[in-house]
Amino acid sequence: MVSKAEIVIIGGGISGCAIAYNLAKKGMKNIVLLEKEYISSGATGRCGAGIRQQWATEMNCQVAKLSREFFETAEEKLGYDHDIEFKQKGYLILAATEEEDVQSKKNVALQNSLGIDSRYISLEDARELVPILNTKDFISATFCKDDGHLNPWHTTLAFAKASERLGVKIYTHTEVKGIDHKNGEIFGVETNRGYIQTNQVVNAAGGHAQVIGDMVGIELPVYSERHQILVTEPVAPILDPMIISFSKDIYCQQVPHGAFIMGRGGENEPRDLRNTCSWDFLEKMTETALSILPNLKKTRVLRQWSGMYNISPDKQPIYGDVPGMKGFFLAVGFSGHGFMFGPATGLLMAEFILGEKTTLPIDKLHITRFEKGELMWEASVV
Ligand code: FAD
């Protein structure tokens with residue numbers, strides 16, 4: 001392992017790998033990425049990998065759009081010789097309450113003003129898109145044909161491999177145990193495999209972001225919460241778009257090889273760092289899924305798993321530096337949408353770290369927003 005680095009990125013999920021790639025692409029040398037397990041072992045490899053530009057805030061619409069544009073030609077850009085399986089067959093958002101219906105109309109107006117091709121549709125239109133959909137509990141829907149889902153493993157590996165070709169040193173099974181710092185300055189990181197001298201550290205540690213914050217004596221305003229998801233046996237293709245209902249608490253997709261993958265926000269999930277599973281999730285998830293997609297009644301569940309949402313007070317990411325700790329950067333707090341933000345996170349963070357003008361203004365996502373009371377509330381979160 002190298003003993004010196006220009007910058008050390010902690011975390012081999014989509015965020016860390018995309019930041020490493022963008023920094024290297026911009027010419028930074030001696031970049032090191034440390035991952036305590038293996039690439040995508042955190043939330044990234046456990047997520048639904050749904051991609052949607054249908055958000056209620058301008059910031060999220062733009063970040064998601066920037067990422068969607070990248071995903072469309074990611075294999076080519078990253079020189080990856082596998083398919084990242086971007087199934088771009090749309091995302092259908094179902095409104096079950098008057099409030100959601102009103103919000104949907106507002107969202108579509110905002111999205112269209114930003115060049116996102118979403119539309120407010122009737123339940124009849126929704127059934128045309130998804131003939132197996134039971135719409136009895138819903139009022140309306142919105143749909144964006146450019147949204148969809150992809151394979152999080154291939155996508156993250158594509159970033160990791162492209163980074164390595166640009167000279168980034170990636171060390172897996174290498175855990176950061178401490179950060180050497182004094183008087184607001186960083187001098188190095190201590191790992192289970194030795195010490196690396198550096199003045200710059202990126203915290204892209206997902207569910208462990210607060211543990212890394214503690215290493216420099218900073219209590220980050222984030223916590224981690226378990227979120228579960230399940231996969232069924234593969235069946236013939238019957239669901240094109242990804243579907244979601246916020247108030248019914250379900251998102252669901254059929255992946256290219258035929259399996260259904262579905263998850264929920266979930267209440268009363270533990271806020272610890274364990275990737276455990278519950279029987280309660282399986283019962284509630286299948287019950288909700290069958291109320292919306294009754295045709296799945298005979299489809300068998302193969303397994304369920306969990307991952308961590310890392311959650312900030314407004315459920316939005318925290319991008320940027322940290323006052324009082326020179327060279328310490330944050331890409332944390334993504335809640336349930338850090339995967340779809342991945343390419344934008346990589347670009348915006350690399351620009352910020354290098355002191356460039358960022359492609360999108362990210363000052364609203366800076367950590368100082370919490371003490372200023374300028375939270376970035378977003379209505380369309382899971
Ligand atoms: P992670 O992928 O968690 O990566 C952090 C990495 O840091 C981990 O691999 C971890 O091992 C490593 N690490 C931690 N501590 C250390 C240390 N001390 N030393 C070295 N390495 C360390 N997002 C979407 O956009 N769409 C979805 O449909 C979606 N569905 C989801 C479903 C579920 C069930 C879950 C749990 C999440 C979902 N998300 C979704 C959210 C998304 O998965 C995350 O926001 C995103 O993957 C975060 O990526 P990351 O790289 O920041 O963190």
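Only heavy atoms go into these numbers, but all of them, side chains included; no hydrogens, no water, no symmetry mates. First listed ligand is number 1; within each ligand, the first listed atom is number 1.
Considering both main-chain and side-chain atoms, G336 comes within under 3.5 Å of ligand 1 through a nitrogen or oxygen pair.
Looking at V211 against ligand 1, nothing comes within 4.0 Å, counting heavy atoms. The residue C17 has no part lying near ligand 1, judged by heavy-atom distances below 4.0 Å.
At distances below 3.5 Å, not a single donor-acceptor pair connects side-chain atoms of S40 with backbone N or O atoms of G45. A distance-only check finds no donor-acceptor pair linking the side chain of R119 to the backbone of F143 [under 3.5 Å].
Residue T174 has at least one heavy-atom neighbour below 4.0 Å for each of these atoms of ligand 1: 20 (C). Within ligand 1, counting atoms from 1 as listed, the ones closer than 4.0 Å to a heavy atom of G11 are 6 (C), 7 (O), 12 (C).
Partner of I292 under the side-chain contact (heavy atoms from CB on, under 4.5 Å) criterion, chosen from I250, N134, T135: I250.
The protein heavy atom nearest to atom 25 (O) of ligand 1 is M340 N, 2.6 Å. A43 N, 3.6 Å is the protein heavy atom nearest to atom 1 (P) of ligand 1. For atom 30 (N) of ligand 1, the closest non-hydrogen atom on the protein side is G48 N, 3.1 Å.
Here the shortest heavy-atom pairing between C61 and Q53 reads SG-O, 3.8 Å.
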